[in-house]
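Data block below; observations after.
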Amino acid sequence: AGAAKPLPAYVGWKDPASLIVHSSTTIETKRSVFGTSVITPSEQLYIRNNLPAPDASILGNRDAWEINIEGVKNPRKLTLGDLKRMGIETTAMVLQCSGNGRGYFPNKPSGTPWQVGAAGCVVWSGVPVRWVVDALGGVEAGMAYLTGTGGEKLPDGLDPKSVIVERSVPAAALADALLAWEMNGVPISLAHGGPLRLIVPGYTGVNNIKYVKRLAFTAQETDARIMSHGYRISPPGAKGDPSQPSVQEMTVKSWINGPGTDGAPLKAGDTQIHGVAFGGMNAVAKVEVSLDGGKTWQLARMVGPDLGRFAWRQFVFAARLPAGQFTLASRATDTAGNVQPEQRMENAGGYNNTSWADHAVKVSVA
Ligand code: MSS
């Protein structure tokens with residue numbers, strides 16, 4: 001392996017020792033650094049930007065940032081300052097790239113080969129979208145989608161639709177959505193979408209639009225390429241198209257983070273196996289752990305505070321391990337009874353990998 005790539009300037013404040021730099025716009029958290037106290041520190045949180053991040057000058061006067069609200073009875077341009085006067089809520093949620101786990105697909109789909117680290121559990125503060133909508137007279141009739149548009153400057157000479165980060169989710173997602181200006185207790189950094197970000201709890205990363213400059217209730221999904229052809233669940237070998245399902249709600253998933261995931265052998269004897277579990281739209285009901293690659297399972301214990309159904313839960317399983325090789329796996333079940341599957345759902349883009357078998361980890365005990 002070559003020398004680790006340095007962190008690009010816009011994330012120069014992150015902790016390089018915790019991160020794997022795939023490229024300047026794709027950076028993941030190392031599995032072995034996820035701790036057991038629920039929140040992922042901002043310095044360790046992954047980064048995925050489809051376009052280069054805007055100039056840091058957009059943070060110069062945060063409250064002056066403007067967003068157009070459309071598809072409501074009284075459409076309006078609001079500033080972040082206006083939004084801050086409309087109300088505040090806080091939501092903890094799993095932010096996870098749609099391609100997290102792509103690195104375990106054997107056929108190597110194109111895209112970043114993320115392992116577990118294109119995910120984190122973070123806390124957002126902002127105003128609930130439904131309060132903004134109510135203040136503007138409610139959603140106009142016939143609007144089936146909530147469409148958010150990113151505020152990046154688009155590269156010259158290209159069809160804007162081919163590059164703009166604009167995504168639509170079902171309008172019903174407004175029930176939990178936030179227009180957020182704070183992450184983990186501080187104003188949102190440029191890298192994570194400051195000054196203002198659309199947060200759609202339970203939905204995969206790409207639906208959480210950074211530098212959001214337009215929020216529109218629309219009759220149709222946007223025809224931006226990132227929606228119409230990108231991020232589709234396409235059959236292996238096929239190209240993305242609008243007839244295929246888009247990546248939207250996350251489903252139940254868990255993985256083990258430690259100990260031993262850094263490759264260092266464990267000491268024989270008592271060990272506390274820990275990891276994270278989340279249900280996407282539902283809370284997690286239970287997590288089972290296997291020490292033998294999934295032949296037998298035992299119930300793990302949830303630890304730490306429960307920050308709501310969109311957050312992950314940490315789990316711990318106390319085991320006494322003799323010397324040898326072990327394949328550790330975890331399998332979560334959500335409150336609706338959905339069980340994390342053994343196998344990934346094959347798809348050309350390598351999206352939505354929730355396979356417990358793919359996320360199992362080999363450790364050696366000496
Ligand atoms: N937004 C915008 N504006 N831009 C871009 O690029 N990306 C996506 C989201 N949002 C973008 C946006 C993605 S794709 C993801 S994941 C996310 O974001 C991430 O986040 P962070 O903060 O971590 O970086 Mo995949 O599904």
Side-chain angles (χ1 to χ4, degrees), residues 7-8 10-11 13-14 18-29 40-55 58 65 67 93-103 109-114 116-124 147-155 160 162-169 177 179-184 186-215 222 224-227 230-233 240 246-250 280 347 349-353:
L7 287 174
Y10 74 108
V11 287
W13 51 273
K14 293 210 176 233
S18 300
L19 297 164
I20 304 165
V21 181
H22 294 285
S23 75
S24 65
T25 53
T26 51
I27 301 171
E28 84 171 284
T29 313
T40 308
S42 305
E43 297 74 22
Q44 299 184 342
L45 183 64
Y46 83 101
I47 286 286
R48 165 58 167 138
N49 271 33
N50 300 61
L51 287 171
D55 192 85
I58 68 167
W65 179 263
I67 179 169
M93 68 143 209
V94 174
L95 181 67
Q96 178 182 228
C97 182
S98 320
N100 198 29
R102 181 186 289 124
S110 71
T112 307
W114 307 109
V116 298
C121 185
V122 286
V123 182
W124 305 97
T147 298
T149 310
E152 285 104 337
K153 192 187 158 314
L154 302 180
S162 70
V163 282
I164 197 164
V165 178
E166 182 170 276
R167 294 276 306 171
S168 301
V169 295
L179 283 168
W181 51 81
E182 226 180 85
M183 187 187 95
N184 288 354
V186 291
I188 305 177
S189 59
L190 183 73
H192 293 297
L196 186 66
R197 186 166 185 174
L198 173 64
I199 296 302
V200 188
Y203 281 61
T204 63
V206 69
N207 300 295
N208 296 270
I209 304 295
K210 306 183 194 189
Y211 337 106
V212 63
K213 65 170 189 189
R214 174 178 171 256
L215 187 74
T222 169
R225 190 153 184 100
I226 194 172
M227 184 78 210
Y231 296 86
R232 295 279 165 176
I233 305 296
S246 187
V247 294
Q248 296 193 315
E249 289 109 326
M250 296 189 286
N347 66 95
Y351 294 122
N352 291 355
N353 189 351

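Ligands are counted one by one from 1 in listed order, and the atoms in each one are counted from 1 as well. All values reported here derive from a predicted model rather than from experimental measurement.
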### Message
For ligand 1, give me the residues whose heavy-atom distance to it is below 4.0 Å, by chain and number please.
### Response
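Contacting ligand 1 under 4.0 Å are Tyr46, Ile47, Arg48, Asn49, Asn50, Leu51, Leu95, Cys97, Ser98, Gly150, Glu152, Val165, His192, Arg197, Gly205, Val206, Asn208, Ile209, Lys210, Tyr211, Tyr231.
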### Task
Measure from the side-chain N and O atoms of Thr25 to the backbone N and O of Pro52, and report whether any donor-acceptor pair falls under 3.5 Å.
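Here the side-chain-to-backbone pair does not exist.
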Report all side-chain donor-acceptor pairs from residues 186-204 shorter than 3.5 Å, counting only partners two or more places apart or in another chain.
from	atom 1	to	atom 2	distance (Å)
Ser189	OG	His192	N	3.4
His192	NE2	Lys14	NZ	2.6
Arg197	NE	Asn208	O	3.1
Arg197	NH1	His192	O	2.7
Arg197	NH2	Asn208	O	3.1
Thr204	OG1	Ser98	OG	3.0
Thr204	OG1	Asn207	ND2	3.2

### Residues which pass ring pair (Phe, Tyr, Trp, His ring centres under 6.0 Å) with Trp114, listed by chain and number, not counting sequence neighbours
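Here the qualifying residues are His22.
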### Listed partners of Pro160 passing side chain to side chain contact (heavy atoms under 4.5 Å, CB included), at least two apart
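Side chain to side chain contact (heavy atoms under 4.5 Å, CB included) list for Pro160, sorted by chain: Leu154.
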### Query
Is the closest side-chain donor-acceptor distance between Arg167 and Ser246 under 3.5 Å?
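Note: Arg167 and Ser246 side chains meet the donor-acceptor criterion.
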### Message
Applying the side chain to side chain contact (heavy atoms under 4.5 Å, CB included) criterion to Leu45, which one of Thr40, Asn184, Leu19, Ile27 satisfies it?
### Response
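Looking at Thr40, Asn184, Leu19, Ile27, the match for Leu45 under the side chain to side chain contact (heavy atoms under 4.5 Å, CB included) is Thr40.
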